[in-house]
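Right, one structure below, let's go through it.
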Amino acid sequence: MSRKRKAESGEVLKIGNKTISLEGYLTKKPKTATSTPSTSTSDNNTPVPSTENETITKDPREFKPSRPLTGDPSLFATRRALPLYLYQDRIRSILSKKDVLVLVGETGSGKSTQVPQFLYQERWCQRRRVKVKTKVLDKEGNEVLEEGGKAKTREETVNVGGVIAITQPRRVAATTLAGRVAKECGTPLDTSGRGTGFKGRGPKGKDGKGSKGGKEGEEWDEENDVVEEMGKNNGGDEEVIEENGNEKKDRKDQEKGLVGYSVRFDHRVPPGTKIKYVTEGMLLQELLRDPHLRQYSAIIVDEIHERSVDVDLLSGFLKQIVTGDKAGRGGIPLKVVVMSATAQVERIKKFFSSDDSLKKGTSGEEVEYLEIEGRQFPVEVIYEPKPVPDIQEALLKTVFKIHTQEPLSDKHGKKDILCFLTGQEEIEAAQRLIEEFAETLDPKVPKVKVFPLFGQLSMEAQHEAFQPIKHPFTRKIVLATNIAETSVTVPGVRYVVDCGKAKVKQYRPRLGMESLLAKPISKSSAIQRTGRAGREGPGKCFRLYTADTFATLPKTDLPEILRTDVLGAVLTMKARGIDDVLSFPLMDRPELEAVENALVHLHVLGALGDDGRITDTGRKMVLFPVTAPYARVLLAAADPRYDCLLEAIDIISCITAGDDIFMQVRSEEDKEAVDVYRKELQRREGDLITYLNTMQRFVSTPSADRGTFCKQRRINVRNMRQALNIRKQLRSLSVKNKMLDAESLMPDAEVTYQPVSPETAERILKAFLKGFAMKTAVLAPDASYVTAHGKHVVAIHPSSSLHGVKREAIMFLEHVYTQKNYAKKVSAIQAGWIAEALAA
DNA sequence: GAGCACTGC
């Protein structure tokens, strides 16, 4: 499995004895240096010229909006108070002339809710019927050529525009924002009685509004037990009403609903929807069937500063549409509003300008920029005078300095403390220290109550951190990971203590594995943490590092695309018609080596052919909302040779449902009791067959007993529900793609549990090897496991049922460097199966 | 003997 690359040319890749030609898709060298990730973010340090900043006086007489608000009058006052209110004419006027607007606005400016409402009645936002020329494609999706080599086209009449999409990085944000805006528009989304049965990550959504669906706590909710039928509610997208601006029509639209949302497992797009909140991934998925985004007049990309892989890819596709010839949209431009909480304006402006303007030296003139002040209270920042040797000690000192010297509350409310730490271990150690020290305090000093807050905690435990404290004379201290930086808002916080570090996942292309280590945070992350103290009143932020250290921090975080395996990103591009992935416009380009590794890996998986183009297999793979190796497993499992698709779906559902469905057990006594039940589920074949066993046992358990089933085995109900949703989605996609016969599916209630035979287990593991042959290791004479690919020593992670067990060979689905080089999700295999899986 | 945070028709 060794890989050799021709040193002198980048045009050919060799894998074993195979040669893949890179011609046609590795034609161009990237424009920016790719040797180190940091060089590609070089304009981080370029100060933004102040002349660029649109400064607008805030005299309401001068900028009184020319149009009255519409919608629910009871919400007018709140909307008028938003900083953004005064900018609506300006925003409308900019977008009537230009196609791209970069809008920088801090949290609380109202940009996510107000901007689409300013725009949806604009003339350019109406749906139109136009003639377009479409390329004729053959069955495989390749262009049909006319004589002379030109692509064959045919003329069609299509609808273009009418809808504004607003993208969000998270589901909760998309659904809560849609709910809020629908209410403001006077066309509330009725979300009652919708049994999607699971909720967002935290008790509070991003903007401090409660998330919805499902009830609080970890109990299995029988009412929500039945998951919603896929695709039932997403039929409204195509029925956009012809818009001609008369009042009667407007009223009709209001009855039908102006606002909708579309996130995985949950679609609410009423007929007549003009404003649609979507997750970034959802819009990428839409791009697969509609490359010109014809349904939309505008795309608003919100929270672009978070720089997920999805938003980076989306930006690339949007740039192509905006700066392209627009023939696919019948000449109608697509307007793009890019919204960010932090100013990386130059970079974004340059990115969305056409390359021609760069050559002419008129960079960015097609792109307008507007900055809007936020609504934050001032926060005083206090640094350590010199570097602290021990973070726990520094934390303890600072927390009790605040506690003993600062008031418990003021006219703005409670004055609680939020501490940012790196992980669970650090949080638990700090909790013990603080609680011990609090015992020694004078009884005249107020009491403290400590709440840990990290993702792996149960819903109930997370919820506690959000509740106002009941006891009088007590201060709340929340010890949180990064979860409190973007995902949730803890109310009542007026003091922030920031340790200056966070655990970040980083992919190492050379090793083919990822690491999870604590690293210094960026300036913008530090500022974000500080801001958490100023949501409800003036606050203070204690940074447990020096001002000099702050000055050395990188300006922004490394975007995710430079930190993860680009396998998925490359396949996403290939499937959307990008043959030359290296010349695809990206704000930050991954290292060449990372892209090459991804291409080779995709070739091994059979998603790319020897010519580097996407194969039939690759095209089938992208239809499934799982990573490429899992998609490959599904295709293999549907093959009569392996014939285990339902089993593979059960396993993949469990594994991709967020964090492990098995929660960790904290106390020793609990552990003993839980292990009795868990042991029953475990199989000697390893973790995969254990997951299968768990899912099969779960679905054959009567609804009424499922709560007990989960409780006894400490199964995370939220993740289990997610697993059921994924299972349902993968099953229905398999039927749709003719890999599964709908008739053969039995309702779960009618299936009696029977453990899989060792023969079936073998077929399942062999099907998984089709996606994970690269992630295998063989037992060496010294009793360590050595990877087949790269010859690294790996240890089996303690969370695996095979931890401490020696087998001939193993397959693992995850490979993470933390304390050690760990293999996770491990199965026992035979060494001979590896070669078998690699042979076509 | 160990687990930053998100997400996908």
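Proteins get letters first, then strands, A, B, ... in listed order; numbering begins at 1 in each.
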TODO: Check the surroundings of atom NZ in A:Lys820: do more than 12 heavy atoms from other residues, nucleotides or ligands lie under 6.0 Å from it?
DONE: no
Open item on the list: The side chain of A:Tyr822 is closest to which nucleotide in this list: B:dA2, B:dA5, B:dC9?
Closed with: B:dA2
TODO: Report the relative orientation of the aromatic rings in A:Phe812 and A:His815; use parallel for angles under 30°, tilted for 30 to 60°, perpendicular for over 60°.
DONE: perpendicular
- [ ] For A:Ser315 and A:Ile304, work out which heavy atoms get closest and say how close.
- [x] OG-CD1, 3.7 Å
- [ ] Please tell me which of A:Pro798 and A:Leu623 maps to the more 5' nucleotide of DNA chain B, matching each residue to the nucleotide holding its nearest heavy atom.
- [x] A:Pro798
Task: Along DNA chain B (nearest heavy atom to each residue), the more 5'-positioned of A:Gln819 and A:Glu280 - done: A:Gln819
Open item on the list: By nearest atom, which of the nucleotides B:dC9, B:dA5, B:dT7 is closest to the A:Arg171 side chain?
Closed with: B:dT7
Open item on the list: Looking at A:Ser800 and A:His797, would you say the former's side chain and the latter's main chain have a donor-acceptor pair under 3.5 Å?
Closed with: no
Open item on the list: Rounded to whole Å, how long is the line connecting atom CE of A:Met282 with atom P of B:dC6?
Closed with: 18 Å
Open item on the list: Students often get this wrong, so: under 4.0 angstrom with heavy atoms, is A:Lys671 touching a base, only sugar-phosphate, or nothing?
Closed with: base
- [ ] Would you kindly give the NZ-to-P distance between A:Lys503 and B:dC6, to the nearest whole Å?
- [x] 15 Å
- [ ] Taking side-chain contact (heavy atoms from CB on, under 4.5 Å) as the test, write out the residues that go with A:Thr481, two or more places apart.
- [x] A:Ile427, A:Phe454, A:Ile483
Open item on the list: I want to verify a distance call: between B:dT7, B:dG3, B:dG8, whose nearest atom is closest to the A:Thr818 side chain?
Closed with: B:dG3
Open item on the list: The side chain of A:Gln424 is closest to which nucleotide in this list: B:dA5, B:dG3, B:dC9?
Closed with: B:dG3
- [ ] Rounded off to whole Å, could you give me the CZ-to-C1' distance for the A:Arg563 and B:dC6 pair?
- [x] 10 Å
- [ ] Check every atom of B:dC4, B:dA2, B:dG8 against the side chain of A:Asn482 and return the nucleotide holding the closest atom.
- [x] B:dC4
TODO: Tell me what A:Leu284 touches on the nucleic acid: a base, only sugar-phosphate, or nothing, going by heavy atoms under 4.0 Å.
DONE: nothing
Task: Minimum-distance nucleotide to A:Val263 side chain [options: B:dC4, B:dG8, B:dA5] - done: B:dG8
- [ ] Describe the nucleic acid contact of A:Val816 in one word from base, sugar-phosphate, nothing, applying a heavy-atom distance below 4.0 Å.
- [x] nothing
- [ ] Answer yes or no: does a side-chain N or O of A:Ser262 lie under 4.0 Å from OP1 or OP2 of B:dC9?
- [x] no
- [ ] Whole angstrom is fine here: how far is it from CD in A:Glu428 over to P in B:dA2?
- [x] 14 Å
Task: Under-4.0 Å side-chain N/O to phosphate OP1/OP2 contact, A:Thr279 with B:dG8 - done: yes
Open item on the list: Can you measure A:Gln462 atom CD to B:dG3 atom C1' for me and round it to whole angstrom units?
Closed with: 14 Å
- [ ] For the side chain of A:Leu516, starting at C-beta, report the closest nucleotide among B:dG3, B:dC9, B:dG8.
- [x] B:dG3
Open item on the list: Whole angstroms only, please: what is the NZ-P distance between A:Lys824 and B:dG1?
Closed with: 16 Å
Open item on the list: Could you tell me how far apart A:Asn725 (CG) and B:dC9 (C1') are, to the nearest whole angstrom?
Closed with: 14 Å
Task: Spatial distance of atom CG (A:Leu334) from atom CZ (A:Arg294) [nearest 0.5 Å] - done: 12.5 Å
TODO: Could you tell me the separation between the CG atom of A:Leu730 and the P atom of B:dC9, rounded to a whole number of Å?
DONE: 10 Å
